Amino acid sequence: MPELPEVETVKNTLIKDVLGKRITGFSLLYKRIMQTELGLEETVNKTIIDIKRHGKFLIINLEDNVNMVLHLRMEGKIFYFKEEIKELPKSTSFVLNLDQGYLYFFDTRKFAVCYVFKGDDYFSLPPLSLVGPDPFLAKKEDIYNSYKKDKRPVKEILMDQHIMSGIGNIYADEILFSCALSPFILGTNLEEKDVENIILSAQKILRKSIELGGSTVKSYQSSANHSGSFQDELKVYGRAGEKCFNCSSLIEKRSLSGRGTSFCPKCQKHGNVIALTGSIGSGKSSVAQIFVNHGYLLYDCDKKVKEFYQDKKFISEIEKKFKDVFKGGFNKDVLLSKMTSSPSFRRKYENYIFHYIKEDINSYLIENYSKNIIVEVPRFFDANLKLMIPRYILVRADKKIRYNRLIKRGQKNIDEMLKLEKDLDKKKIEQAFFIIDNDGDKINLENKVKEIISYIEEEKK
DNA sequence: AAGACGTCCTGCGTGC
DNA sequence: TGCACGCAGGACGTCT
């Protein structure tokens with residue numbers, strides 16, 4: 001994704017390639033890219049006299065005060081070729097024919113936008129008038145004044161182009177790692193020195209990235225002939241589940257306002273988050289209780305799901321989502337029979353519930369990011385929580401012991417429930433943070449869990 | 001008013 | 001092997 005360093009790289013490449021060249025014609029293949037009444041025809045027969053960057057915007061100054069303003073968004077790329085491409089790729093948004101060569105604008109997802117202005121007041125008109133200074137131009141006092149009254153999490157503010165521009169998802173994660181701040185800390189809770197740190201870290205990281213020609217991540221590349229190499233410098237972005245280079249903690253990932261957010265829980269001052277999983281009747285709750293006694297907050301998925309089923313909004317969402325099944329309104333018996341008779345329904349339904357609970361865990365963890373939390377989640381693997389909570393404790397118990405526990409609990413349909421369980425594969429067992437074999441001895445269990453808790457405390461130092 | 005959600009779009013990963 | 005599905009993601013618009 002082009003952020004400030006990538007746009008800067010594009011700018012530098014274009015200055016080398018096309019400055020002084022004249023636009024002789026154009027073809028517009030994706031019309032919706034144009035955001036202004038004025039179109040590319042205004043650029044014909046004009047020479048490119050300068051190329052600038054403002055935040056993540058690229059500005060192409062032409063003769064006679066014609067100015068193009070481009071935003072590459074996710075995947076916009078501008079490549080200069082001396083020769084014409086015979087078969088244009090599907091992703092081509094437009095082509096500018098030059099007196100020598102061609103400028104191709106590619107954009108697979110078609111999110112990029114283009115503005116054409118006549119006159120020199122384009123800086124005082126949207127979109128540029130709404131863009132804040134980039135970290136190299138920002139004044140510490142101004143930025144601190146904005147941050148301290150902003151109730152959003154710092155990462156959101158950092159990506160808000162109106163306040164400070166140029167930083168997107170990748171660099172936001174990297175900058176916050178670099179200044180050891182949680183992405184979830186609220187702007188109102190930041191001190192002046194934190195904001196100063198953010199600006200300095202931003203400058204340092206962006207400068208380094210510009211030196212390396214930006215990042216070449218997934219499909220993004222700044223120019224046809226060169227790829228940047230800053231992706232090799234990334235410390236947290238795209239590293240969820242891997243070890244922090246600094247402290248060896250596992251990098252965690254959450255979703256913050258729809259953006260994947262990776263961070264090191266130790267370096268960025270988070271509480272411990274541990275998932276607790278294992279088959280039914282293995283004694284997860286007893287383990288969880290011991291964590292609670294040691295000051296951990298408990299997120300209990302089974303309890304949460306029960307609460308969801310009491311919630312009218314949740315039920316009406318389910319009725320809407322699966323309206324062919326719940327024609328006469330939501331009904332547990334209908335649900336059960338459909339679940340057993342249709343595997344595809346079961347899959348879809350469970351995925352929906354997993355998704356729902358995952359979102360809920362996500363917001364709980366963000367809200368309580370500085371606290372220690374134990375998340376009791378029987379279907380940890382099915383719910384795909386491994387990147388959100390890389391550390392999980394596996395509780396196991398002999399089948400006989402579990403059977404007896406379930407009878408004691410008054411559980412119905414025990415045989416069916418046990419039959420539905422899948423065996424854990426080797427990898428899942430190997431990757432467990434700890435395995436607790438719970439044979440029913442309370443003292444043993446208590447000691448084992450205490451051991452784990454003090455291990456976690458020790459690790460955190 | 002601020003926050004949640006929808007919109008644009010396509011390649012790709014997942015899971016059967 | 002292929003198909004269907006759903007997600008990611010920057011910025012802005014809309015709704016509450």
Side-chain angles (χ1 to χ4, degrees), chain A residues 1-4 6-7 29-36 54-58 69-77 89-93 105-115 125-132 134 146 149-153 155-173 184 186-188 215 217-221 237-238 240-241 253-262 313 317 320-322 342-356 358-360 362-363 366-367 379 381-388 422 425:
Chain A
M1 295 137 252
E3 301 180 32
L4 188 151
E6 291 74 27
V7 180
L29 290 98
Y30 183 67
K31 294 201 171 68
R32 296 185 63 171
I33 194 173
M34 294 309 304
Q35 304 291 307
T36 42
H54 186 54
K56 301 185 210 172
F57 284 91
L58 191 72
V69 174
L70 295 161
H71 197 300
L72 307 175
R73 293 284 174 91
M74 305 296 300
E75 304 209 29
K77 297 178 240 325
K90 220 177 111 190
S91 62
T92 316
S93 291
F105 194 107
F106 302 124
D107 180 21
T108 26
R109 292 195 197 168
K110 307 282 192 289
F111 276 13
V113 284
C114 174
Y115 306 75
L125 297 167
L128 295 188
S129 62
L130 303 170
V131 176
D134 70 32
S146 302
K149 55 186 177 218
D150 199 322
K151 289 178 193 145
R152 292 175 297 171
K155 185 183 170 188
E156 267 184 56
I157 311 175
L158 196 47
M159 293 202 303
D160 186 332
Q161 305 300 306
H162 307 101
I163 296 169
M164 199 158 64
S165 65
I167 297 160
N169 204 35
I170 300 178
Y171 293 96
D173 281 0
F184 311 122
L186 305 184
T188 45
S215 305
V217 179
K218 283 187 186 160
S219 56
Y220 191 73
Q221 194 172 330
Y237 180 85
K253 186 178 179 187
R254 316 243 189 284
S255 168
L256 184 66
S257 56
R259 309 277 171 268
T261 297
S262 304
K313 227 178 102 192
E317 260 173 63
K320 219 194 293 171
K321 176 103 186 162
F322 303 98
S342 162
S344 82
F345 170 77
R346 185 181 169 191
R347 203 184 79 221
K348 265 191 199 163
Y349 188 82
E350 285 193 338
N351 276 346
Y352 181 75
I353 304 290
F354 288 152
H355 194 87
Y356 204 90
K358 194 174 169 181
E359 294 257 294
D360 197 66
N362 185 69
S363 15
I366 289 177
E367 220 169 285
R379 299 183 66 182
F381 301 105
D382 297 320
N384 208 4
L385 286 163
K386 272 185 81 173
L387 296 181
M388 190 143 63
K422 299 172 225 164
D425 55 61

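All figures in this text were calculated on a predicted structure; none of them were measured in a lab. Proteins get letters first, then strands, A, B, ... in listed order; numbering begins at 1 in each.
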For a ring-ring contact (aromatic ring centres under 6.0 Å, His included) check, start with the C-alpha distance between A/F345 and A/F322, then their side-chain angles and the critical distance, and finish with the verdict.
CA-CA 9 Å; A/F345 170 77; A/F322 303 98; 5.5 Å; yes
May I have the distance from [X] (atom [atom1]) to [N] (atom [atom2]), rounded to whole angstrom?
X	N	atom1	atom2	answer
A/I366	B/dA4	CD1	C1'	14 Å
A/E3	C/dG10	CD	P	7 Å
A/I33	C/dA11	CD1	C1'	15 Å
A/I163	C/dA11	CD1	P	13 Å
A/K31	B/dC8	NZ	C1'	18 Å
A/Y171	C/dG10	OH	P	13 Å
A/E6	C/dG9	CD	P	15 Å
A/N362	B/dA4	CG	P	12 Å

Quick one: is [X] getting a side-chain N or O under 4.0 Å of the [N] phosphate, OP1 or OP2?
X	N	answer
A/H162	C/dA11	no
A/Q161	C/dG10	no
A/K56	C/dA11	yes
A/H71	C/dC12	no
A/R32	B/dC9	yes
A/Y352	C/dG6	no

So, A/F111 and C/dA11: ring centres less than 5.5 Å apart, planes less than 30° off, yes or no?
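So no, this residue does not stack on that base, at least one cut-off failing.
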Report yes if some heavy atom in the side chain of [X] is under 4.5 Å from a heavy atom in the side chain of [Y]; otherwise report no.
X	Y	result
A/F57	A/V131	yes
A/K77	A/L72	no
A/D382	A/F354	yes
A/P153	A/L256	yes
A/F105	A/L70	yes

For the helix from B/dA2-C/dT16 to B/dC16-C/dG2, what angle lies between the axis at the first five pairs and the axis at the last five pairs, to 10 degrees?
50°
When every nucleotide of nucleotides 10-16 of chain B is labelled 5' to 3' by its protein contacts under 4.0 Å (heavy atoms), B for base, S for sugar-phosphate only, - for none, what sequence of letters results?
BS---SS
Please give me the minimum heavy-atom distance between A/E3 and A/K56, naming the atom from each residue.
CA-CD, 4.1 Å
Mind checking the [atom1]-[atom2] spacing from [X] to [Y]? Nearest 0.5 Å is all I need.
X	Y	atom1	atom2	value
A/R346	A/N351	CZ	CG	11.0 Å
A/I163	A/I157	CD1	CD1	6.0 Å
A/H71	A/Y115	NE2	OH	8.5 Å

Want to settle it: does A/R152 or A/Y30 sit nearer the 5' end of DNA chain B, counting the closest nucleotide to each?
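It is A/R152, whose closest nucleotide lies nearer the 5' terminus.
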Around A/K110, counting heavy atoms of other residues, nucleotides and ligands shown, do more than 12 lie under 6.0 Å from its NZ?
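Result for NZ/A/K110: enclosed.
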Using side-chain contact (heavy atoms from CB on, under 4.5 Å) as the criterion, point out the one residue from A/I167, A/D160, A/T261 that pairs with A/K155.
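Exactly one option meets the side-chain contact (heavy atoms from CB on, under 4.5 Å) with A/K155, and it is A/T261.
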As a test of reading the structure: which of C/dA11, B/dG3, C/dC7 is closest to the side chain of A/K151, going by heavy atoms?
B/dG3
Of residues 254-261 of chain A, the positions that come close to DNA chain C - non-hydrogen atoms, cut-off under 4.0 Å:
A/R259, A/G260
